[in-house]
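Everything on this sheet refers to the single structure shown next.
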Amino acid sequence: EAQAMALFAPSGALAPLALAGVRLPQLYKLDERHHLLLMEDLGPWPNLGEWLKAPHPPQAAAAVGKSLGQFIGTLHRFSAHQPELAQQFNNQSIQRTRLEFQYRNIQAYAQRAGLPDAEALGRRAVDYGERLQQPGLSLVMGDLWPASVLVTDAGLRIFDWELAHYGFPSQDVGHLAAHLWMHTHRAASPLTASNARAVLQHFLEAYRAATAAEFEALLGLAGISDSAIHFGSEILTRTMGAFQQDYLYSGLAPEHPLVQTAVQTAATHIRTPLGTTTFDPLGWRSSLPGSPASKGQLDEDV
């Protein structure tokens, strides 16, 4: 986390990325001997999950999504093909932990939910988790969800970078998408649902624009498919796994209708990742050279 904050400091290698109203907390001191990290107090601003629940001026949610998409997309593009960052953020222990703790448990979560193809879903999630053990493409935040984003009058503040690593953009994209979908699904009001949908749509559109010519190399069809697999894996973990407690589906039984709707959505994203519409704002369908025989064929090809 300290290394990430240092990168975005005025003299850091990624300082130019923090010029558009989105930045990290300032790093004041790291005392490794005493395991002490002193950073800026960002103030009592709402995190993105809390912010979604309140009324805001027209287009405010779109602006938040656009700012976040520009920042994350630029981070992925700017940090790609940089061996020094790959070495500095070679945080493979995080990916090994995720493989064992999350992706290897997807079959059990799917079985608990009563899904008939739990074994196949689990195998696809494990395959994705094993791909994440390979050398990465860019620096990723690693924990991009609403609780890590503060919405202030001066812009967005992104914190909790301890999971940052030189990895694959699909984790950032799929992770935020999953949590915004869950906030939409479990919204207490139409206003909250509308805000969450707008943030996701404009995040994806701005991400595509920010990655520009690097989009195909950083994400492309394979990365969009992987984003969907992570999307489904995260929702299963939050509805059937260890992270259900104290979150949006806390206390709901596996057979609860809301849980089953979320589970079916998750399974579809893992089962036929390119047959879903969640990531359509990335504009990937319109860029395909010709029409595939079917969405299922796209999934099979990827």
Side-chain angles (χ1 to χ4, degrees), residues 44-54 61 64-65 68 72 94 97-115 118 121-122 125 128-129 140-151 156-164 170-200 203 227-270 278:
W45 298 99
N47 68 41
L48 179 55
E50 297 165 341
W51 185 90
L52 294 171
K53 301 173 184 177
V64 167
L68 194 53
I72 296 298
I94 287 298
T97 298
R98 272 191 157 146
L99 174 60
E100 299 303 325
F101 187 77
Q102 182 173 33
Y103 303 119
R104 289 201 192 282
N105 284 322
I106 294 305
Q107 179 176 340
Y109 298 157
Q111 288 172 336
R112 189 177 304 161
L115 294 170
L121 295 173
Y128 172 56
V140 298
M141 193 270 177
D143 197 19
L144 189 63
W145 67 311
S148 295
V149 180
L150 293 187
V151 184
L156 305 181
R157 304 291 180 258
I158 306 178
F159 59 99
D160 281 352
W161 288 70
E162 67 271 17
L163 303 186
S170 60
Q171 272 194 317
D172 277 351
V173 173
H175 204 70
L176 183 64
H179 284 273
L180 288 172
W181 184 90
M182 287 186 280
H183 273 276
T184 301
H185 183 226
R186 293 291 288 131
S189 70
L191 173 69
T192 300
S194 177
N195 284 338
R197 282 193 295 267
V199 171
L200 177 56
F203 168 81
S227 297
I229 293 171
H230 181 77
F231 175 102
S233 298
E234 183 65 13
I235 292 176
L236 281 173
T237 301
R238 294 286 178 170
T239 54
M240 294 288 157
F243 290 148
Q244 184 200 36
Q245 187 175 355
D246 299 325
Y247 199 53
L248 298 170
Y249 299 86
S250 183
L252 300 182
E255 62 273 14
H256 192 284
L258 286 171
V259 172
Q260 280 298 310
T261 298
V263 163
Q264 293 297 333
T265 298
T268 298
H269 280 74
I270 299 174
T278 301

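Excluded from the calculations below are hydrogen atoms, water molecules and symmetry mates; all remaining heavy atoms, backbone and side chain alike, are included. Just so you know, residue 1 is the first one in the sequence shown, and it goes up from there.
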Please assess Leu144 against Phe203 for the test side-chain contact (heavy atoms from CB on, under 4.5 Å), listing each intermediate value before the final yes or no.
-> CA-CA 12 Å; Leu144 189 63; Phe203 168 81; 4.3 Å; yes

Where do Val64 and Val149 land on the side-chain contact (heavy atoms from CB on, under 4.5 Å) test, with the steps shown first?
-> CA-CA 10 Å; Val64 167; Val149 180; 5.9 Å; no

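Side-chain contact between Tyr128 and Ser233 is absent, with no heavy-atom pair separated by less than 4.5 Å. With a 4.5 Å cut-off on side-chain heavy atoms, Leu176 and Ile72 do not count as touching.
Side-chain atoms of Asp172 come within 3.5 Å of backbone atoms of Gly142 as a donor-acceptor pair (strictly under, hydrogens ignored). Looking at Asn195, its side chain does come within 3.5 Å of a backbone N or O of Leu52 through a donor-acceptor pair. At distances below 3.5 Å, at least one donor-acceptor pair connects side-chain atoms of Thr268 with backbone N or O atoms of Gln264.
Under the side chain to side chain contact (heavy atoms under 4.5 Å, CB included) criterion, Ala262 pairs with Trp181, His185, Ile235, Thr239, Tyr249, sequence neighbours left out. Residues satisfying the side chain to side chain contact (heavy atoms under 4.5 Å, CB included) test with Arg112, not counting sequence neighbours, are Tyr109, Met240, Pro254.
Note: His183 and Tyr247 have perpendicular aromatic rings, judged against thresholds of 30 and 60 degrees for the angle between ring planes.
Sorted by first and then second residue, the salt bridge (Lys or Arg N to Asp or Glu O under 4.0 Å) pairs involving residues 227-240 (not counting sequence neighbours) are Glu234-Arg238.
Taking the six-membered ring for Trp and the full ring otherwise, His179 and His175 have centroids separated by under 6.0 Å.
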